[in-house]
Asker: 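Below: one structure in structure tokens.
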Amino acid sequence: MFSHNDYYKEIELNFDKDALIEENEEINYHPFSSGKKRNSFSDLIPNWLQGPVTNDIIYEYFEVKRIKDIISTKTKSNAVNPKFYKQLANTSLPMHRDTGTKCAINIILSNDAAPIIFEDIGAIKYKCALINVSQRHSVPAFPKERLLIKFSITDLKYEDVYNLL
């Protein structure tokens, strides 16, 4: 039997949603790309836009940096990578597992957004959660744009971060 704890954990994180939305407006978005060859997963989702907040610009994004620092401190991670994502209205993300990310803390910035669907446990609505992105998941089409910020953690397993939060 599957436990929800193996897939996600809703967390309390102090963040300023309005500040994050404002910072998102300064981001240069582009279609998601995994860097893999043609006909890969990223070719199938031009409706999934990403806006990375890289180390060379993070000091311009005060709220993103503040949250990244909180997550890094709480998890003892040296590899927390923030990116804004937009899923365009009336589009879906197919079932997949994230590559290069062991887990992530996602904050939904849209007031009304589609849930994440895990293959084994179904649809989950959340505002702020630790997500086990190694589990197969998708996002269904929804009539409104879905905006989120994802803090990818690439050096710690989901279980380890789950126990630290």
Side-chain angles (χ1 to χ4, degrees), residues 1-15 17 20-21 24 29-37 39-53 64 67-68 70-72 74-77 79-165:
M1 189 51 121
F2 301 107
S3 166
H4 286 150
N5 295 340
D6 295 330
Y7 295 83
Y8 76 101
K9 177 182 186 175
E10 290 197 59
I11 60 173
E12 292 290 325
L13 191 60
N14 179 19
F15 62 90
K17 182 178 173 180
L20 289 171
I21 291 170
N24 138 80
Y29 280 91
H30 52 85
F32 176 85
S33 173
S34 65
K36 294 183 179 182
K37 60 185 178 184
N39 298 320
S40 70
F41 173 78
S42 61
D43 287 335
L44 304 174
I45 53 169
N47 55 296
W48 185 230
L49 306 177
Q50 65 179 351
V53 182
V64 173
I67 296 168
K68 176 185 175 181
I70 290 170
I71 293 169
S72 296
K74 283 186 174 191
T75 64
K76 301 173 180 60
S77 171
V80 176
N81 304 304
K83 279 187 188 175
F84 286 99
Y85 285 93
K86 286 182 186 179
Q87 180 181 342
L88 301 180
N90 300 308
T91 65
S92 63
L93 294 176
M95 194 62 69
H96 67 283
R97 287 184 176 92
D98 291 15
T99 56
T101 298
K102 295 188 177 189
C103 62
I105 294 176
N106 288 4
I107 301 171
I108 302 292
L109 300 174
S110 302
N111 288 329
D112 195 16
I116 187 171
I117 298 176
F118 288 102
E119 186 173 54
D120 296 326
I121 63 170
I124 304 297
K125 279 230 175 215
Y126 66 91
K127 287 295 180 189
C128 181
L130 172 66
I131 306 290
N132 186 347
V133 295
S134 67
Q135 299 286 356
R136 285 178 49 84
H137 60 282
S138 65
V139 181
F142 196 74
K144 297 179 183 176
E145 176 181 274
R146 182 175 183 254
L147 176 63
L148 67 95
I149 185 162
K150 175 180 180 178
F151 293 86
S152 296
I153 300 172
T154 60
D155 62 343
L156 298 172
K157 293 179 190 174
Y158 171 81
E159 296 80 12
D160 296 332
V161 175
Y162 184 98
N163 290 327
L164 290 168
L165 294 177

Asker: Is it true that atom NZ of Lys17 has more than 12 heavy atoms of other residues, nucleotides or ligands lying nearer than 6.0 Å?
Answerer: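 Correct, the count exceeds 12.
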Asker: Would you give the length of the straight line joining atom OG1 of Thr75 to atom CG of Leu164, rounded to the nearest 0.5 angstrom?
Answerer: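 It comes to 7.0 Å.
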Asker: List the steps, then state whether side chain to side chain contact (heavy atoms under 4.5 Å, CB included) holds for Phe151 with Ile107.
Answerer: CA-CA 9 Å; Phe151 293 86; Ile107 301 171; 4.1 Å; yes
Asker: Can you name the closest pair of heavy atoms from Pro115 and Lys125 and give their distance?
Answerer: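 Nearest heavy atoms, Pro115 then Lys125: CB-CG, 3.9 Å.
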Asker: Looking at CE of Met95 and CZ of Arg136, how far apart are the two atoms once the value is rounded to the nearest 0.5 Å?
Answerer: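 That separation rounds to 6.0 Å.
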Asker: Given the rule in the side chain to side chain contact (heavy atoms under 4.5 Å, CB included) test, do Lys102 and Leu156 qualify, once you have shown the distances and angles that lead to the verdict?
Answerer: CA-CA 6 Å; Lys102 295 188 177 189; Leu156 298 172; 5.8 Å; no
Asker: Would you say the side-chain atoms of Asp155 and Ser77 include a donor-acceptor pair closer than 3.5 Å?
Answerer: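 Indeed, the side chains of Asp155 and Ser77 share at least one donor-acceptor pair under 3.5 Å.
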Asker: Whether the Asn24 and Tyr29 side chains hold a donor-acceptor pair (N or O, under 3.5 Å, no angle test) is what I'd like checked.
Answerer: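 Yes, a side-chain donor-acceptor pair sits under 3.5 Å.
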Asker: Give the C-alpha distance, both sets of side-chain angles, the deciding distance and a yes or no for side chain to side chain contact (heavy atoms under 4.5 Å, CB included) between Arg146 and Lys86.
Answerer: CA-CA 6 Å; Arg146 182 175 183 254; Lys86 286 182 186 179; over 6 Å; no
Asker: Which atom names give the shortest non-hydrogen contact between Ile149 and Val64, and what distance separates them?
Answerer: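 The answer is CD1-CG2, 3.7 Å.
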Asker: So with a 6.0 Å cut-off around NZ of Lys157, is the heavy-atom count from everything else above 12?
Answerer: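 No, the 6.0 Å shell around NZ holds no more than 12 heavy atoms from other groups.
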Asker: Side-chain contact test, heavy atoms from C-beta onward, threshold under 4.5 Å: evaluate it for Asp98 versus Lys150 and give yes or no.
Answerer: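 Yes; the side chains approach each other to less than 4.5 Å.
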Asker: Closest heavy-atom contact between Phe15 and Leu20?
Answerer: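 Closest approach of Phe15 to Leu20, heavy atoms only: CD1-CD1, 3.9 Å.
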Asker: Kindly indicate whether the side chain of Ile131, heavy atoms from C-beta on, has any atom under 4.5 Å from the side chain of Cys103.
Answerer: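 Result no, sub-4.5 Å side-chain heavy-atom pair not found.
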Asker: So, for Gln135 and Asp120, which heavy atoms are closest and what is the spacing to 0.1 Å?
Answerer: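 It is OE1-OD2, 4.2 Å.
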Asker: Should Leu165 and Lys74 count as side-chain neighbours, where that means a heavy-atom distance under 4.5 Å?
Answerer: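 Heavy-atom side-chain distance check passes, below 4.5 Å.
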Asker: Begin with the C-alpha distance, continue with both residues' side-chain angles, and end with the deciding distance and a verdict on side chain to side chain contact (heavy atoms under 4.5 Å, CB included) for Leu109 and Phe84.
Answerer: CA-CA 10 Å; Leu109 300 174; Phe84 286 99; 3.9 Å; yes
Asker: Distance check, rounded to the nearest 0.5 Å: Leu93 atom CG versus Ile117 atom CD1?
Answerer: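 Reported value, rounded in 0.5 Å steps: 10.5 Å.
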Asker: If you compare all heavy atoms of Ala104 against all heavy atoms of Val133, which two are closest, and at what distance to 0.1 Å?
Answerer: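 The answer is CB-CG1, 4.2 Å.
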Asker: Does either side chain, that of Asn132 or that of His137, offer a donor lying less than 3.5 Å from an acceptor on the other one?
Answerer: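 Looking only at side-chain atoms, His137 and Asn132 do not form any donor-acceptor pair under 3.5 Å.
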Asker: Does any part of the side chain of Trp48, heavy atoms only, come nearer than 4.5 Å to the side chain of Val139, both counted from C-beta?
Answerer: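 Val139 vs Trp48: side chains apart.
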Asker: Enter the distance from Gln87:CD to Ser92:OG here, rounded to the nearest 0.5 Å.
Answerer: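 Answer for the CD-OG pair, Gln87 versus Ser92, is 7.0 Å.
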Asker: Working to the nearest 0.5 angstrom, can you tell me the gap between Lys9 NZ and Tyr158 OH?
Answerer: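 Rounded to the nearest 0.5 Å, the NZ-OH separation comes to 8.0 Å.
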Asker: Rounded to the nearest 0.5 Å, how far apart are CG of Asn81 and OG of Ser152?
Answerer: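 Interatomic distance, Asn81 CG to Ser152 OG, rounded to 0.5 Å: 6.0 Å.
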Asker: Locate the shortest heavy-atom distance separating Val80 from Ile153; write the atom from each residue and the value.
Answerer: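 Smallest interatomic distance, heavy atoms only, reads CG2-CG1, 4.2 Å.
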